[in-house]
Amino acid sequence: MLDLQSLTVGYRNTRGAVLSGIDVSAAPGDFVCILGRNGSGKSTLMRTIAGLQAALDGAALLDGEDIASMRPATRARRIAVVLTERQFNPGLRVDDVIALARQPFTGWQGGLADDDRGAIADAVAVTGVEPFLRRFFSDLSDGERQRVMIARALAQTPHLMILDEITAFLDLPSRVEIMAMLRDQAREKEQIVLLSSHDLDLSLQLADSVWLLDDAGGFSVGTPDELSRSGALGGAFDSGAIRFSPERGRFEIGTAESLAGETPDS
Amino acid sequence: MSARVSTSTAVLIAALAALALLTLTYGQIALPLADTLGALTGTQSTDLARQIVLDIRLPRVAAAIIAGGALGMAGVLMQALFRNPVADAWSLGLLAGGQLGVALTVTAAAFAGPAAVSFLTLFEGPSITLAAAVGVAIAALAMLAVGRRVGAITLLVIGLMLGFTSQGLTSVLLHFAARAGGRIYGGWQDASFAGVAPEALPWLALPILLGACAAVATAKSLSSLLLGETYARSLGVRVTALRHAVLAATVLLVAPVVAFCGPVSFVGLIAPHFARALAGTARILPLLPLAALGGALLALSGDAIIHAPWEQHFLHLNAILAIVGAPVVILILIFSPAVRQWR
């Protein structure tokens, strides 16, 4: 169970709080999509929940324990992340990258036991990275790297998986495949998956629950249906060029007439 | 440990033992293998053989193995810490920094008077090593600070420049120190394993042994750091503490080498690449023994070449290491998949 208790995230500099007083929870098996425009605070929120950045106020609790005050080794056994930043050592091969996910579970030498190998084999199988296990990570295409990083996070067998913009470099079939796979994994392994994405259509079709961030620091939670009916989705994303259509449940590119109709005053 | 790593380790140990034995037998005076072995084991041998092997050649061979091994391990640590495939104690100016530390200490003692010089001479091993350690640590901290702002190749150039600056200062300082009567470390600006006296060997070996233990202890966390700082933190690594520990290990490994053998070039840069190719992984722990053995083998090979029975003693260690090492570095920069990202 993940509980955010009046969590305020942001920076202790002039940028200040990005999102304030968030109260929300997610149950094991939930596939949660975090949606919002660039700069709405998705990454900040995810980094804070992952314990990689200090909260300004409030707390994020995983199974009743405050994530920020967990010992780093304990946290690493329960939370896995896939982030947008990639600053890898170029000597790493793909199998090394995935095997490093088991570091929180291994002894001081980092040697792999049978259950470690099992977790790695499972992750490799469901992500389909088998063909490039022996290649250098830095030689892979962006899409292949994303698959490897997802395999690495799965191999960490976490209670909570936090994935930031993972589908950005994938083609449409791969996006569908990866997101559906993550949802199935969440249900099967009773993991909570938090995933941020710009892929609205797909997220709305797959998510059990959506956390919606608008540009003004507003935060709404609900099932895709609830959010589209309440108009929250439109509020967060509508612009001159795109409009959410609650009837059709998807975004539509604004035509000249619809834009004129929306802004009669101008 | 994988079969690949243990097989490679065994082969390297055998090669190193064979090369060490060869180096002990030949030189200006060639000794039969039986006499050399006899001198080593303390059984039948001539006095001359015993003297040559135990007093002259063995300390040199031991110093080459220990120093080469230390530089190889330090190279593994630094390449991971700086995320830079051409980082090592020599290329990033740590060795030169250590020399400068020693030069400053010697100069200060020379100007302070004969008492300071004799004190320094009395505790030559530890005091020179300590002075080198301070210099190495300062150079390493400076490079870490710079490394956050520049790319891998820029860092290499800056490291080499810092090294030239330090070496220039060292030579000027030692000139004045010699004038003022502190001629302790003349002729040490070139790298050599021949200057290590038998009684100095423990002072060379002990910090390196500690450094090796520290390297092994940090190996697992350092492997996580290969994924970058944030991922390392997500895997439970305390990154700042790890950086300090790796830095301490590097100083322990490198400082005695500077103090006793001078600026041994290229060994620490090449050995880790060699180790990665053999191990088929970039994880730190399997690389450490392989890089240590590879570094020892490279250093001892260089030493063996300059101590071959030439007409006269004319070769310098760094000349040999540069002839072999510089082209290897060029090949690494051009062809290594590990550097491709930065080309």
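As the structure is a computational prediction, the values presented were derived from the model and not from experiment. Chain identifiers are assigned alphabetically (A, B, ...) following the order of the sequence lines, protein sequences preceding nucleic acid strands; residue numbering begins at 1 within each chain.
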Validation row: [X], [Y] side chains within 4.5 angstrom (heavy atoms):
X      : Y      : value
A:M161 : A:Q185 : no
A:L83  : A:L52  : yes
A:R145 : A:F169 : no
A:I79  : A:P158 : no

Has A:D139 got a side-chain atom pairing as donor or acceptor with A:F136's backbone, closer than 3.5 angstrom?
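Absent.
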Would the distance check show the side chain of A:R77 and the main-chain N or O of A:P104 forming a donor-acceptor pair, the cut-off being under 3.5 Å?
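Between the backbone of A:P104 and the side chain of A:R77 there is a qualifying donor-acceptor contact (under 3.5 Å).
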Can you say whether B:R238 sits under 4.5 Å from chain A via the side chain, the backbone, both, or neither, judging by heavy atoms?
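Looking at B:R238, just its side chain touches chain A.
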Does A:R147 pair with A:E177 as a salt bridge, N-O distance under 4.0 Å?
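Looking at A:E177 together with A:R147, the answer is yes, because their closest N to O distance falls below 4.0 Å.
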For chain B, which residues of residues 59-76 of chain A have heavy atoms nearer than 4.5 angstrom:
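Within residues 59-76 of chain A, the residues under 4.5 Å from chain B are A:P72, A:A73, A:R75, A:A76.
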Could you list which of residues 112-132 of chain A have a heavy atom closer than 4.5 Å to any heavy atom of chain B, in residue-number order?
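Residues of residues 112-132 of chain A touching chain B at under 4.5 Å: none.
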Could you tell me whether the side chains of A:R102 and A:T157 share a donor-acceptor contact shorter than 3.5 Å?
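Their side chains do contain a donor-acceptor pair, which is all the 3.5 Å distance test asks for.
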Hey, which of B:S224, B:A219, B:A217 has the most heavy atom pairs under 4.5 Å with chain A?
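Most pairs with chain A among the choices: B:S224.
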Under a 4.5 Å heavy-atom cutoff, which of B:I284, B:T281, B:T230, B:V237 has the most pairs with chain A?
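Most pairs with chain A among the choices: B:T230.
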For A:D171, enumerate each residue passing the salt bridge (charged side-chain N to carboxylate O under 4.0 Å, His left out) test, keeping only those at least two apart in sequence or located in another chain.
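None.
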With sequence neighbours excluded, tell me which residues meet ring-ring contact (aromatic ring centres under 6.0 Å, His included) with A:F31.
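By the ring-ring contact (aromatic ring centres under 6.0 Å, His included) rule, A:F31 matches no residue at all.
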Check against salt bridge (Lys or Arg N to Asp or Glu O under 4.0 Å), A:R187 and A:D208
CA-CA 11 Å; A:R187 294 198 178 146; A:D208 294 316; 2.7 Å; yes
Using a 4.5 angstrom heavy-atom cutoff, name the option from A:I162, A:T106, A:V97 with the most pairs to chain B.
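If we count pairs closer than 4.5 Å to chain B, A:T106 comes out on top.
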